Amino acid sequence: MTVPYSRRVVLLATIVTVLGCGGSGLPETIAVTGSVTYQGNPVANAQVVLNSTDPKGKPATGVTDAQGKFTVQTYVSPTAQAKGAIAGQYKVTVTKVEQSTMSSEEMMKAASSGQPAMPKSLLPKKYSSETSTDLTADVKKGMGPLSFTLAD
């Protein structure tokens, strides 16, 4: 009895799904949530990056919502991501830039004049770099939400 091609494909896909491929290949991660405030207010639309202090580690990133809350994910490869962060120590950066109101023509003109328009940071500069931030996170099982209060 010959099995039609389409049935063979479905059968193969079912076998691979049931048996798996020896694990996901993704590192174990821990759910990480938190909040960011500045001048007593939640910071919306800020990028939060947990930068691993382990040279072999992977950064984890998230974006704050209107209430300043975030959840991170780790990009383990250019095509794979995992919810959460890998256990370990992190230096945390938080950035938020002013949205450009320049037209693409104005941006090209500024760039061609040698004076590219740099977006204005809306948070203190020290939080934008691993070398200047004083924010840290210790990611481990059972941890609670992170809370970052930014100061001038």
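Quick caveat: nothing in here was measured; it's all calculated off a predicted structure. Numbering of residues begins at 1 and proceeds along the displayed sequence.
Connection of Leu146 to Leu150 is established within a shared hydrophobic cluster, with ILVMFWY side chains joined at heavy-atom distances below 4.5 Å, either directly or through further cluster members. Cluster annotation: Val49 is not connected to Val76 through the hydrophobic network of ILVMFWY side chains, with a link wherever side-chain heavy atoms come within less than 4.5 Å. Under the 4.5 Å side-chain heavy-atom criterion for ILVMFWY residues, no single connected hydrophobic cluster contains both Val97 and Leu135.
Closest heavy-atom contact between Pro27 and Ile86: CG-CD1, 3.7 Å. Here the closest heavy-atom approach between residue Thr64 and residue Ala44 is recorded as OG1-C, 3.3 Å. Counting all heavy atoms, side chain and backbone alike, Val94 lies closest to Ala46 at CG1-CB, 4.0 Å. Here the shortest heavy-atom pairing between Thr133 and Tyr127 reads OG1-CD2, 3.9 Å. Of all heavy-atom pairs spanning Thr93 and Ser129, the tightest one is CG2-C, 3.5 Å. Shown here for Pro124 and Ala151, the closest heavy-atom pair between the two residues is CG-O, 3.6 Å.
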For this session: Please assess Val92 against Leu50 for the test side-chain contact (heavy atoms from CB on, under 4.5 Å), listing each intermediate value before the final yes or no.
Result: CA-CA 5 Å; Val92 181; Leu50 280 61; 4.2 Å; yes
For this session: Decide yes or no on side-chain contact (heavy atoms from CB on, under 4.5 Å) for Thr61 and Gln47, but give the supporting numbers first.
Result: CA-CA 7 Å; Thr61 64; Gln47 182 175 16; 4.3 Å; yes
For this session: Begin from the C-alpha positions of Asp152 and Gln39 and carry the test side-chain contact (heavy atoms from CB on, under 4.5 Å) through to its verdict.
Result: CA-CA 8 Å; Asp152 286 319; Gln39 297 179 336; 3.7 Å; yes
For this session: Determine, stepwise, if the pair Phe148 / Phe70 fulfils side-chain contact (heavy atoms from CB on, under 4.5 Å).
Result: CA-CA 11 Å; Phe148 300 115; Phe70 65 89; 3.9 Å; yes
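Residues passing the salt bridge (charged side-chain N to carboxylate O under 4.0 Å, His left out) test with Lys140, sequence neighbours excluded: Asp138. Not a single side chain to side chain donor-acceptor pair (under 3.5 Å) links Lys125 to another residue, sequence neighbours left out.
A distance-only check finds a donor-acceptor pair linking the side chain of Thr74 to the backbone of Gly84 [under 3.5 Å]. When atom types are taken as modelled, the side chain of Thr95 and the backbone of Ser128 share no donor-acceptor pair closer than 3.5 angstrom.
Around NZ of Lys69, the count of heavy atoms belonging to other residues, nucleotides or ligands within 6.0 Å does not exceed 12.
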